[in-house]
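Everything on this sheet refers to the single structure shown next.
Chain identifiers are assigned alphabetically (A, B, ...) following the order of the sequence lines, protein sequences preceding nucleic acid strands; residue numbering begins at 1 within each chain.
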Number of protein chains: 2
Amino acid sequence: MKLSTKGRYGLRALIDLASCEDECEVVSIQSIAERQKISESYLEQLVRLLKKAGLVTSQRGACGGYRLAKPAEQISVGDILRALEGNLDAVTCPANQDDSGAGCQDADFCVTRYVWKQINDSITLTVNSIMLDQLVQENRKLRSQGKSTGNCVN
Amino acid sequence: MKLSTKGRYGLRALIDLASCEDECEVVSIQSIAERQKISESYLEQLVRLLKKAGLVTSQRGACGGYRLAKPAEQISVGDILRALEGNLDAVTCPANQDDSGAGCQDADFCVTRYVWKQINDSITLTVNSIMLDQLVQENRKLRSQGKSTGNCVN
DNA sequence: ATCAAATCCGAGTAAATTACTCGGGATTGA
DNA sequence: TCAATCCCGAGTAATTTACTCGGATTTGAT
(Lines give C-alpha, C1' and ligand atoms only; values in the text may rest on other atoms or scores of the structure.)
Protein backbone atom coordinates (compact mmCIF):
# COMPACT_ATOMS: atom_id res chain seq x y z
CA MET A 1 0.00 0.00 0.00
CA LYS A 2 2.98 2.23 -0.57
CA LEU A 3 3.86 4.35 -3.54
CA SER A 4 7.26 3.20 -4.79
CA THR A 5 10.28 5.37 -5.48
CA LYS A 6 9.26 5.44 -9.12
CA GLY A 7 6.21 7.52 -8.33
CA ARG A 8 7.89 9.61 -5.69
CA TYR A 9 11.09 10.40 -7.57
CA GLY A 10 9.28 10.74 -10.85
CA LEU A 11 6.82 13.33 -9.64
CA ARG A 12 9.60 15.34 -8.06
CA ALA A 13 11.56 15.14 -11.29
CA LEU A 14 8.66 16.31 -13.37
CA ILE A 15 7.96 19.24 -11.07
CA ASP A 16 11.61 20.12 -11.37
CA LEU A 17 11.49 19.86 -15.14
CA ALA A 18 8.34 21.93 -15.36
CA SER A 19 9.84 24.56 -13.08
CA CYS A 20 12.78 24.97 -15.42
CA GLU A 21 10.83 25.45 -18.60
CA ASP A 22 10.99 29.25 -18.53
CA GLU A 23 14.70 29.40 -18.28
CA CYS A 24 15.83 26.44 -20.32
CA GLU A 25 15.01 25.17 -23.74
CA VAL A 26 15.29 21.57 -22.65
CA VAL A 27 16.28 20.09 -19.32
CA SER A 28 18.83 17.30 -19.06
CA ILE A 29 18.49 14.23 -16.87
CA GLN A 30 21.80 15.09 -15.33
CA SER A 31 20.66 18.47 -14.09
CA ILE A 32 17.44 17.11 -12.63
CA ALA A 33 19.29 14.27 -10.95
CA GLU A 34 21.73 16.70 -9.43
CA ARG A 35 19.12 19.09 -8.09
CA GLN A 36 16.83 16.38 -6.84
CA LYS A 37 19.62 14.12 -5.63
CA ILE A 38 18.40 11.11 -7.53
CA SER A 39 20.66 8.60 -9.26
CA GLU A 40 21.12 9.66 -12.86
CA SER A 41 20.75 6.21 -14.38
CA TYR A 42 17.68 5.41 -12.34
CA LEU A 43 16.06 8.71 -13.21
CA GLU A 44 16.72 7.97 -16.85
CA GLN A 45 14.47 4.94 -16.56
CA LEU A 46 11.73 6.95 -14.95
CA VAL A 47 11.78 9.66 -17.57
CA ARG A 48 11.63 6.96 -20.21
CA LEU A 49 8.31 5.92 -18.71
CA LEU A 50 7.06 9.49 -18.76
CA LYS A 51 8.02 9.76 -22.38
CA LYS A 52 6.32 6.52 -23.28
CA ALA A 53 3.17 7.89 -21.67
CA GLY A 54 3.40 11.01 -23.80
CA LEU A 55 4.00 13.43 -20.95
CA VAL A 56 7.42 14.61 -22.08
CA THR A 57 9.24 14.87 -25.36
CA SER A 58 12.96 14.56 -25.87
CA GLN A 59 15.73 16.24 -27.79
CA ARG A 60 18.62 13.90 -28.45
CA GLY A 61 22.28 14.65 -28.90
CA ALA A 62 24.53 17.22 -27.29
CA CYS A 63 22.62 19.91 -25.42
CA GLY A 64 19.62 17.64 -25.58
CA GLY A 65 17.12 17.02 -22.86
CA TYR A 66 13.44 16.88 -22.09
CA ARG A 67 10.49 19.22 -22.06
CA LEU A 68 6.84 18.80 -21.24
CA ALA A 69 4.77 17.44 -24.10
CA LYS A 70 1.87 19.71 -23.13
CA PRO A 71 1.20 22.62 -20.78
CA ALA A 72 1.57 21.84 -17.09
CA GLU A 73 -2.06 22.71 -16.44
CA GLN A 74 -3.09 19.81 -18.65
CA ILE A 75 -1.03 17.21 -16.80
CA SER A 76 -2.49 15.73 -13.64
CA VAL A 77 -0.65 13.98 -10.86
CA GLY A 78 -2.76 10.98 -11.82
CA ASP A 79 -1.31 11.00 -15.32
CA ILE A 80 2.17 11.12 -13.89
CA LEU A 81 1.75 8.45 -11.24
CA ARG A 82 -0.06 6.10 -13.60
CA ALA A 83 2.75 6.49 -16.11
CA LEU A 84 5.27 5.56 -13.47
CA GLU A 85 3.48 3.03 -11.29
CA GLY A 86 1.05 1.52 -13.73
CA ASN A 87 -2.49 1.12 -12.50
CA LEU A 88 -2.97 2.96 -9.22
CA ASP A 89 -5.78 0.71 -8.02
CA ALA A 90 -5.04 -0.53 -4.53
CA VAL A 91 -6.88 -3.74 -5.34
CA THR A 92 -7.59 -5.21 -8.74
CA CYS A 93 -10.06 -8.03 -8.50
CA PRO A 94 -10.82 -9.85 -11.75
CA ALA A 95 -14.33 -8.47 -11.81
CA ASN A 96 -13.02 -4.93 -11.83
CA GLN A 97 -10.75 -5.37 -14.81
CA ASP A 98 -13.43 -6.28 -17.29
CA ASP A 99 -16.68 -5.31 -15.69
CA SER A 100 -18.38 -8.42 -16.97
CA GLY A 101 -18.10 -9.83 -13.47
CA ALA A 102 -16.39 -12.88 -14.88
CA GLY A 103 -13.62 -14.34 -12.80
CA CYS A 104 -15.60 -13.89 -9.61
CA GLN A 105 -17.20 -17.31 -9.36
CA ASP A 106 -18.49 -16.73 -5.90
CA ALA A 107 -20.53 -13.63 -5.28
CA ASP A 108 -19.85 -14.08 -1.60
CA PHE A 109 -16.24 -13.17 -2.15
CA CYS A 110 -17.29 -9.99 -3.81
CA VAL A 111 -18.76 -8.06 -0.93
CA THR A 112 -15.29 -6.67 -0.61
CA ARG A 113 -15.47 -5.51 -4.20
CA TYR A 114 -17.52 -2.52 -3.09
CA VAL A 115 -14.80 -1.59 -0.64
CA TRP A 116 -12.00 -1.84 -3.16
CA LYS A 117 -13.98 0.24 -5.63
CA GLN A 118 -14.53 2.98 -3.08
CA ILE A 119 -10.83 3.08 -2.26
CA ASN A 120 -9.74 3.03 -5.88
CA ASP A 121 -12.23 5.72 -6.83
CA SER A 122 -11.13 8.06 -4.08
CA ILE A 123 -7.49 7.70 -5.02
CA THR A 124 -8.27 8.30 -8.68
CA LEU A 125 -10.39 11.34 -7.94
CA THR A 126 -7.69 12.85 -5.78
CA VAL A 127 -4.75 12.39 -8.10
CA ASN A 128 -6.72 13.45 -11.16
CA SER A 129 -7.70 16.71 -9.52
CA ILE A 130 -4.19 17.95 -8.78
CA MET A 131 -2.52 19.51 -11.80
CA LEU A 132 1.19 19.88 -12.34
CA ASP A 133 1.05 23.65 -12.70
CA GLN A 134 -0.36 24.02 -9.18
CA LEU A 135 2.68 22.22 -7.85
CA VAL A 136 5.05 24.28 -9.96
CA GLN A 137 3.52 27.46 -8.62
CA GLU A 138 3.75 26.22 -5.07
CA ASN A 139 7.33 25.24 -5.75
CA ARG A 140 8.16 28.76 -6.96
CA LYS A 141 6.53 30.24 -3.89
CA LEU A 142 8.58 28.07 -1.57
CA ARG A 143 11.77 28.90 -3.42
CA SER A 144 11.18 32.63 -3.28
CA GLN A 145 10.81 32.33 0.47
CA GLY A 146 14.53 32.09 0.93
CA LYS A 147 15.28 28.49 0.07
CA SER A 148 17.81 28.68 -2.71
CA THR A 149 18.52 25.00 -3.23
CA GLY A 150 16.83 23.38 -6.15
CA ASN A 151 17.24 26.43 -8.31
CA CYS A 152 17.28 25.96 -12.02
CA VAL A 153 20.93 26.03 -13.02
CA ASN A 154 20.96 23.78 -16.00
CA MET B 1 0.46 0.78 -4.40
CA LYS B 2 -1.34 -2.51 -3.87
CA LEU B 3 -3.13 -3.79 -0.84
CA SER B 4 -1.49 -7.08 0.16
CA THR B 5 -3.22 -10.38 0.80
CA LYS B 6 -3.18 -9.56 4.48
CA GLY B 7 -5.66 -6.78 3.99
CA ARG B 8 -7.70 -8.58 1.37
CA TYR B 9 -7.96 -11.94 3.10
CA GLY B 10 -8.30 -10.35 6.51
CA LEU B 11 -11.26 -8.21 5.57
CA ARG B 12 -13.00 -11.15 3.96
CA ALA B 13 -12.34 -13.22 7.04
CA LEU B 14 -13.74 -10.61 9.35
CA ILE B 15 -16.88 -10.18 7.26
CA ASP B 16 -17.27 -13.93 7.40
CA LEU B 17 -16.79 -13.98 11.15
CA ALA B 18 -19.22 -11.13 11.67
CA SER B 19 -21.78 -12.84 9.45
CA CYS B 20 -21.65 -15.92 11.65
CA GLU B 21 -22.20 -14.22 14.96
CA ASP B 22 -25.94 -14.89 15.08
CA GLU B 23 -25.58 -18.56 14.56
CA CYS B 24 -22.41 -19.42 16.37
CA GLU B 25 -21.04 -18.64 19.78
CA VAL B 26 -17.50 -18.36 18.52
CA VAL B 27 -16.12 -18.95 15.06
CA SER B 28 -13.04 -21.10 14.48
CA ILE B 29 -10.19 -20.26 12.16
CA GLN B 30 -10.72 -23.58 10.46
CA SER B 31 -14.30 -22.83 9.50
CA ILE B 32 -13.46 -19.37 8.15
CA ALA B 33 -10.54 -20.77 6.21
CA GLU B 34 -12.73 -23.42 4.69
CA ARG B 35 -15.51 -21.07 3.64
CA GLN B 36 -13.18 -18.38 2.39
CA LYS B 37 -10.67 -20.77 0.88
CA ILE B 38 -7.72 -19.28 2.67
CA SER B 39 -4.85 -21.28 4.13
CA GLU B 40 -5.59 -22.06 7.74
CA SER B 41 -2.14 -21.32 9.09
CA TYR B 42 -1.87 -18.06 7.20
CA LEU B 43 -5.28 -16.95 8.35
CA GLU B 44 -4.24 -17.70 11.90
CA GLN B 45 -1.54 -15.05 11.58
CA LEU B 46 -3.97 -12.50 10.25
CA VAL B 47 -6.50 -13.06 13.00
CA ARG B 48 -3.68 -12.70 15.50
CA LEU B 49 -3.16 -9.18 14.13
CA LEU B 50 -6.84 -8.42 14.43
CA LYS B 51 -6.77 -9.60 18.01
CA LYS B 52 -3.71 -7.52 18.85
CA ALA B 53 -5.58 -4.51 17.48
CA GLY B 54 -8.51 -5.26 19.77
CA LEU B 55 -11.00 -6.02 17.02
CA VAL B 56 -11.67 -9.62 18.02
CA THR B 57 -11.47 -11.65 21.20
CA SER B 58 -10.65 -15.30 21.48
CA GLN B 59 -11.83 -18.34 23.34
CA ARG B 60 -9.11 -20.94 23.67
CA GLY B 61 -9.34 -24.70 23.96
CA ALA B 62 -11.70 -27.19 22.40
CA CYS B 63 -14.74 -25.54 20.80
CA GLY B 64 -12.85 -22.28 20.98
CA GLY B 65 -12.74 -19.59 18.36
CA TYR B 66 -13.12 -15.88 17.82
CA ARG B 67 -15.82 -13.26 18.08
CA LEU B 68 -15.92 -9.54 17.44
CA ALA B 69 -14.67 -7.47 20.34
CA LYS B 70 -17.33 -4.83 19.67
CA PRO B 71 -20.45 -4.44 17.52
CA ALA B 72 -19.86 -4.51 13.78
CA GLU B 73 -21.24 -1.01 13.39
CA GLN B 74 -18.37 0.28 15.49
CA ILE B 75 -15.65 -1.32 13.39
CA SER B 76 -14.57 0.50 10.25
CA VAL B 77 -12.78 -0.95 7.26
CA GLY B 78 -10.02 1.48 8.18
CA ASP B 79 -9.63 -0.14 11.60
CA ILE B 80 -9.40 -3.53 9.96
CA LEU B 81 -6.97 -2.63 7.20
CA ARG B 82 -4.74 -0.65 9.53
CA ALA B 83 -4.60 -3.62 11.90
CA LEU B 84 -3.53 -5.85 9.04
CA GLU B 85 -1.41 -3.63 6.84
CA GLY B 86 -0.05 -1.17 9.34
CA ASN B 87 -0.17 2.46 8.31
CA LEU B 88 -2.27 2.88 5.18
CA ASP B 89 -0.47 6.02 4.04
CA ALA B 90 0.62 5.65 0.44
CA VAL B 91 3.63 7.82 1.18
CA THR B 92 5.19 8.53 4.55
CA CYS B 93 7.67 11.34 4.29
CA PRO B 94 9.60 12.13 7.46
CA ALA B 95 7.78 15.41 7.85
CA ASN B 96 4.44 13.64 7.99
CA GLN B 97 5.39 11.29 10.78
CA ASP B 98 6.13 13.93 13.34
CA ASP B 99 4.62 17.11 12.01
CA SER B 100 7.55 19.13 13.19
CA GLY B 101 8.74 19.22 9.60
CA ALA B 102 12.10 17.90 10.74
CA GLY B 103 13.78 15.48 8.37
CA CYS B 104 12.82 17.56 5.37
CA GLN B 105 15.96 19.63 5.04
CA ASP B 106 15.02 20.97 1.69
CA ALA B 107 11.65 22.64 1.39
CA ASP B 108 11.91 22.21 -2.33
CA PHE B 109 11.53 18.47 -1.92
CA CYS B 110 8.35 19.03 -0.01
CA VAL B 111 6.08 20.39 -2.70
CA THR B 112 5.16 16.78 -3.16
CA ARG B 113 4.20 16.61 0.49
CA TYR B 114 0.93 18.31 -0.33
CA VAL B 115 0.20 15.63 -2.90
CA TRP B 116 0.95 12.75 -0.57
CA LYS B 117 -1.20 14.31 2.12
CA GLN B 118 -4.15 14.62 -0.24
CA ILE B 119 -3.84 11.00 -1.29
CA ASN B 120 -3.42 9.75 2.26
CA ASP B 121 -6.34 11.80 3.50
CA SER B 122 -8.68 10.56 0.82
CA ILE B 123 -7.81 6.94 1.50
CA THR B 124 -8.27 7.43 5.23
CA LEU B 125 -11.59 9.18 4.79
CA THR B 126 -12.88 6.43 2.55
CA VAL B 127 -11.91 3.45 4.67
CA ASN B 128 -13.02 5.10 7.90
CA SER B 129 -16.48 5.74 6.49
CA ILE B 130 -17.30 2.14 5.62
CA MET B 131 -18.44 0.12 8.61
CA LEU B 132 -18.28 -3.63 8.95
CA ASP B 133 -22.01 -4.01 9.52
CA GLN B 134 -22.78 -2.48 6.12
CA LEU B 135 -20.69 -5.19 4.52
CA VAL B 136 -22.28 -7.92 6.59
CA GLN B 137 -25.73 -6.75 5.51
CA GLU B 138 -24.67 -6.63 1.90
CA ASN B 139 -23.21 -10.08 2.31
CA ARG B 140 -26.51 -11.44 3.66
CA LYS B 141 -28.37 -9.86 0.80
CA LEU B 142 -26.10 -11.48 -1.78
CA ARG B 143 -26.37 -14.83 -0.07
CA SER B 144 -30.16 -14.75 0.03
CA GLN B 145 -30.15 -14.19 -3.71
CA GLY B 146 -29.46 -17.83 -4.37
CA LYS B 147 -25.76 -18.16 -3.77
CA SER B 148 -25.46 -20.81 -1.11
CA THR B 149 -21.68 -21.03 -0.80
CA GLY B 150 -20.15 -19.27 2.10
CA ASN B 151 -22.93 -20.24 4.43
CA CYS B 152 -22.22 -20.41 8.08
CA VAL B 153 -21.73 -24.08 8.86
CA ASN B 154 -19.32 -23.97 11.73
C1' DA C 1 -7.00 -38.39 33.55
C1' DT C 2 -6.80 -38.32 28.96
C1' DC C 3 -7.57 -36.78 24.56
C1' DA C 4 -8.75 -33.96 20.83
C1' DA C 5 -9.74 -29.46 19.26
C1' DA C 6 -8.63 -25.24 19.25
C1' DT C 7 -5.83 -20.89 20.05
C1' DC C 8 -1.08 -19.20 20.51
C1' DC C 9 3.80 -18.17 18.94
C1' DG C 10 8.08 -17.61 16.61
C1' DA C 11 11.17 -19.09 13.11
C1' DG C 12 12.11 -20.21 8.56
C1' DT C 13 11.76 -19.94 3.45
C1' DA C 14 10.55 -19.60 -1.58
C1' DA C 15 8.85 -16.31 -4.75
C1' DA C 16 8.04 -11.83 -6.19
C1' DT C 17 9.01 -7.10 -6.31
C1' DT C 18 11.78 -3.05 -5.83
C1' DA C 19 15.44 -0.21 -6.56
C1' DC C 20 18.64 0.22 -8.48
C1' DT C 21 23.56 -0.46 -11.66
C1' DC C 22 25.94 -1.29 -15.91
C1' DG C 23 27.44 -1.48 -20.62
C1' DG C 24 26.91 -0.07 -24.78
C1' DG C 25 24.47 1.99 -28.94
C1' DA C 26 22.44 6.13 -31.51
C1' DT C 27 21.94 11.12 -32.26
C1' DT C 28 23.34 15.70 -32.48
C1' DG C 29 25.72 20.38 -31.86
C1' DA C 30 30.18 22.55 -31.79
C1' DT D 1 35.58 14.17 -34.77
C1' DC D 2 34.33 14.55 -30.16
C1' DA D 3 31.67 15.06 -26.25
C1' DA D 4 27.18 15.35 -24.41
C1' DT D 5 23.10 13.55 -24.32
C1' DC D 6 19.22 10.40 -25.00
C1' DC D 7 18.06 5.42 -25.67
C1' DC D 8 17.69 0.45 -24.29
C1' DG D 9 17.87 -3.98 -22.22
C1' DA D 10 19.96 -7.04 -19.03
C1' DG D 11 21.49 -8.08 -14.61
C1' DT D 12 21.50 -8.01 -9.47
C1' DA D 13 21.30 -7.08 -4.42
C1' DA D 14 18.03 -6.03 -0.99
C1' DT D 15 13.57 -6.07 0.61
C1' DT D 16 9.00 -7.56 1.10
C1' DT D 17 5.36 -10.81 0.61
C1' DA D 18 3.05 -14.87 1.32
C1' DC D 19 3.16 -18.17 3.06
C1' DT D 20 4.64 -23.13 5.91
C1' DC D 21 6.03 -25.61 9.97
C1' DG D 22 6.72 -27.35 14.55
C1' DG D 23 5.46 -27.19 18.80
C1' DA D 24 3.46 -25.16 23.22
C1' DT D 25 -0.80 -24.04 25.82
C1' DT D 26 -5.66 -24.08 27.02
C1' DT D 27 -10.02 -26.15 27.51
C1' DG D 28 -14.33 -29.07 27.04
C1' DA D 29 -15.88 -33.70 26.74
C1' DT D 30 -15.55 -38.64 27.68
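In this structure, the side chain of A/Lys70 does not engage the main chain of A/Leu55 through any donor-acceptor pair within 3.5 Å. Between the A/Ser28 side chain and the A/Ser31 main chain, a donor and an acceptor come within less than 3.5 Å of each other. Proximity of a side-chain donor or acceptor of B/Glu85 to a complementary backbone N or O of B/Gly7 within less than 3.5 Å is detected.
The CD atom of B/Glu40 sits 17 Å away from the C1' atom of D/dA18 (whole-angstrom rounding). D/dC6 atom P lies 12 Å from atom CZ of A/Arg67, rounded to whole Å. Rounded to whole Å, the distance from CG on A/Leu43 to P on D/dC8 is 16 Å. In this structure, the OH atom of A/Tyr66 is 17 Å from the P atom of D/dA4, given to the nearest Å. Atom pair A/Tyr42:OH and D/dT12:P shows a separation of 18 Å (rounding to whole Å applied).
For A/Ala90, the side chain to side chain contact (heavy atoms under 4.5 Å, CB included) partners at least two apart in sequence or on another chain are A/Met1, A/Ile119, A/Asn120, A/Ile123. The side chain to side chain contact (heavy atoms under 4.5 Å, CB included) test applied to B/Asp133 returns B/Ala72, B/Glu73, B/Met131, B/Gln137, not counting sequence neighbours.
By the 4.5 Å heavy-atom criterion applied to side chains, B/Arg8 and B/Thr5 are counted as neighbours. Side-chain contact between B/Leu81 and B/Val77: present, with at least one pair of heavy atoms (C-beta onward) separated by less than 4.5 Å. Contact check for B/Glu44 versus B/Glu40: no side-chain heavy atoms found under the 4.5 Å cut-off.
Between chain A and DNA chain C, the heavy-atom contact criterion of under 4.0 Å yields a 5' to 3' nucleotide range of C/dA19 to C/dG29.
Within the 4.0 Å cut-off from OP1 or OP2 of D/dC7, at least one side-chain nitrogen or oxygen of A/Ser58 is found.
Hydrophobic clustering (side-chain heavy atoms under 4.5 Å, transitive across Ile, Leu, Val, Met, Phe, Trp, Tyr) groups A/Tyr114 together with A/Trp116.
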Derivation of the side chain to side chain contact (heavy atoms under 4.5 Å, CB included) call for A/Val136 and A/Arg140 | CA-CA 6 Å; A/Val136 172; A/Arg140 290 226 171 85; 3.6 Å; yes
Full working for side chain to side chain contact (heavy atoms under 4.5 Å, CB included) between A/Thr124 and A/Leu88 = CA-CA 8 Å; A/Thr124 301; A/Leu88 288 180; 5.8 Å; no
For nucleotides 27-30 of chain D, tabulate all protein N/O to nucleotide N/O atom pairs closer than 3.5 Å, reporting atom names and distance.
from: D/dT27; atom 1: O2; to: B/Ala62; atom 2: N; distance (Å): 3.1

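Nucleic acid contact for B/Gln30: sugar-phosphate only, since backbone atoms but no base atoms lie under 4.0 Å from a heavy atom of the residue.
Within residues 45-56 of chain A, the residues approached by DNA chain D to less than 4.0 Å at the level of any non-hydrogen atom are A/Gln45, A/Arg48, A/Lys51, in residue-number order. Interface residues of residues 1-10 of chain B facing DNA chain D, ordered by number: B/Ser4, B/Thr5, B/Tyr9; criterion, heavy-atom separation under 4.0 Å.
The base of D/dC6 does not come close enough to the side chain of A/Glu44 for any donor and acceptor atom to sit less than 3.5 Å apart.
Nearest heavy atoms, B/Ser19 versus B/Asn139: OG-ND2, 3.0 Å.
A donor-acceptor contact under 3.5 angstrom links the side chains of A/Ser76 and A/Asp79, judged on distance only.
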